[in-house]
*Asks:* 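Once you've had a glance at the structure underneath, I'll fire off some questions.
Quick note on labels: first sequence line is chain A, next is B, and so on, each numbered from 1.
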Number of protein chains: 2
Amino acid sequence: MQGMIEKVFEALASTPRRRILAYLAHSELTAGQIAERFAMSKSAISQHLNVLENAGLVRSEKRGQFVHYAIVQENLATTLNSYLQQVCPVSRPLMAESRAIAETKAKG
Amino acid sequence: MQGMIEKVFEALASTPRRRILAYLAHSELTAGQIAERFAMSKSAISQHLNVLENAGLVRSEKRGQFVHYAIVQENLATTLNSYLQQVCPVSRPLMAESRAIAETKAKG
DNA sequence: TCAGTATTTAAGTGATCGCTTAATTCATTT
DNA sequence: AAATGAATTAAGCGATCACTTAAATACTGA
């Protein structure tokens, strides 16, 4: 496993990791807040977060005692869309959407 | 692993399987034709094709001695797109636009 | 029917994954 | 400094994955 696409699909292959991303979709959360929602040790969550961060799907920032995690929507959207475009040209409309997200984020 | 989304992401987690999909993007191929392109046994390719078919990403049809495989673009596109919508809510307002583009393409 | 080709299925094996508990690091509070 | 709390890192273990080779199945043509 080396490239960005590989890392992203590897990260998304896990149901707990996709659920973590879903939780982060609406707001930034600390590692502990995420862990609270899962029937799984904090350690396990930390390991999942590491995989997600390594794939560029989340970013983390330590503030005092807490580590805050946030989704990196742009990377998820552009990776999936570019793969989709590569494999099924039918999906071209998604590109416009992806571009629009990128522009929205750049301005805001 | 049960739902469709799980199966799709599980299938896409493998680099050889993504390469198989890429090969099938341009034309239908037999199992043997796919296997020729990989430094891997026919058996392994058959197993990968089984995973992809089980995820609804390819369909197969036996004609005489050969089994022809084809990509199911729609399932790939709609699965990734719907997941993206779920996780990147920013993109939701743009769906109407996306749909409009798709409809324009369908008509023209 | 027999031989040859295409493909799948079965069985086995090493590598990786996903978790656990325990130990560690870092920040805060007293 | 000592104790507490948040989070990561380390070590280990069972389960699953991704291959392999060998056997089975199915079709074709002499």
*Asks:* Let me see the working for B:Q47 and B:S43 under side-chain hydrogen bond (donor to acceptor under 3.5 Å, both in side chains), right down to the final yes or no.
*Replies:* CA-CA 6 Å; B:Q47 290 167 53; B:S43 170; 3.0 Å; yes
*Asks:* Find every protein N or O atom lying less than 3.5 Å from an N or O atom of nucleotides 8-16 of chain C, and list the pairs.
*Replies:*
unit_1 : atom_1 : unit_2 : atom_2 : d
C:dT8  : OP1    : B:Y69  : OH     : 2.5
C:dT8  : OP2    : B:S46  : OG     : 2.8
C:dT8  : O5'    : B:S46  : OG     : 3.2
C:dT9  : O4     : B:S43  : OG     : 2.8
C:dA10 : N6     : B:S43  : OG     : 3.4

*Asks:* Give a yes or no on whether a salt bridge exists between B:E28 and B:R63, defined as a side-chain N under 4.0 angstrom from a carboxylate O.
*Replies:*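 The answer is yes: the pair qualifies as a salt bridge.
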*Asks:* Let me know the distance between CZ of A:R18 and C1' of C:dG18, rounded to the nearest Å.
*Replies:*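 So the CZ-C1' distance, A:R18 to C:dG18, works out to 14 Å.
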*Asks:* In whole angstrom, what separates B:N54's CG from D:dA18's P?
*Replies:*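 Computing the B:N54:CG to D:dA18:P distance gives 14 Å.
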*Asks:* What is the distance, to the nearest angstrom, from the CZ atom on B:F38 to the P atom on C:dT7?
*Replies:* 15 Å
*Asks:* In whole Å, what is the span from the NZ atom of A:K62 to the C1' atom of D:dT9?
*Replies:*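 Distance check: A:K62 NZ to D:dT9 C1' gives 13 Å.
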*Asks:* Do B:R17 and B:E53 sit within salt-bridge range, that is, some charged N less than 4.0 Å from a carboxylate O?
*Replies:* no
*Asks:* Quick one: is C:dC17 close enough that its OP1 or OP2 comes under 4.0 Å of any side-chain N or O from A:H48?
*Replies:*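 Indeed not, no polar side-chain atom of A:H48 lies that close.
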*Asks:* For B:G32 and A:P16, find the nucleotide of DNA chain C closest to each by heavy atoms; which residue's nucleotide sits nearer the 5' end?
*Replies:* B:G32
*Asks:* If the plane angle is over 60° it's perpendicular, under 30° parallel, otherwise tilted; pick one for A:F9 and B:F9.
*Replies:* tilted
*Asks:* Just the rounded figure in Å: distance from P of D:dA18 to CZ of B:R19.
*Replies:* 15 Å
*Asks:* Atom CZ of A:R17 to atom C1' of C:dC19: distance rounded to whole Å?
*Replies:* 12 Å
*Asks:* What is the distance, rounded to the nearest whole Å, between atom CZ of B:F9 and atom C1' of D:dT16?
*Replies:*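 Nearest whole value for this atom pair: 20 Å.
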*Asks:* Heavy atoms, side chains only, cut-off 4.5 Å: are A:V87 and B:I71 in contact?
*Replies:* yes
*Asks:* Sequence neighbours left out, what passes side-chain contact (heavy atoms from CB on, under 4.5 Å) with A:A13? Give chain and number order.
*Replies:* B:A13
*Asks:* So, using side-chain contact (heavy atoms from CB on, under 4.5 Å) as the criterion, who are the partners of B:A25 when residues are at least two apart?
*Replies:* none
*Asks:* What pairs with B:F66 under ring pair (Phe, Tyr, Trp, His ring centres under 6.0 Å), at least two apart in sequence or on another chain?
*Replies:*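 With sequence neighbours excluded, B:F66 shows a ring pair (Phe, Tyr, Trp, His ring centres under 6.0 Å) to no residue whatsoever.
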*Asks:* For nucleotides 1-4 of chain C, list the nitrogen or oxygen atoms of the protein found under 3.5 Å from its nitrogen or oxygen atoms, one pair per line.
*Replies:*
none

*Asks:* For B:Q33 and for A:M40, locate the closest nucleotide of DNA chain C by heavy-atom distance; then report the residue assigned to the nucleotide nearer the 5' terminus.
*Replies:* B:Q33
*Asks:* Going by the rule ring pair (Phe, Tyr, Trp, His ring centres under 6.0 Å), which residues pair with A:Y69 if we only count those two or more places apart in sequence or in a different chain?
*Replies:* none
*Asks:* Just the rounded figure in Å: distance from P of D:dA6 to CG of A:L29.
*Replies:*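 Distance check: A:L29 CG to D:dA6 P gives 15 Å.
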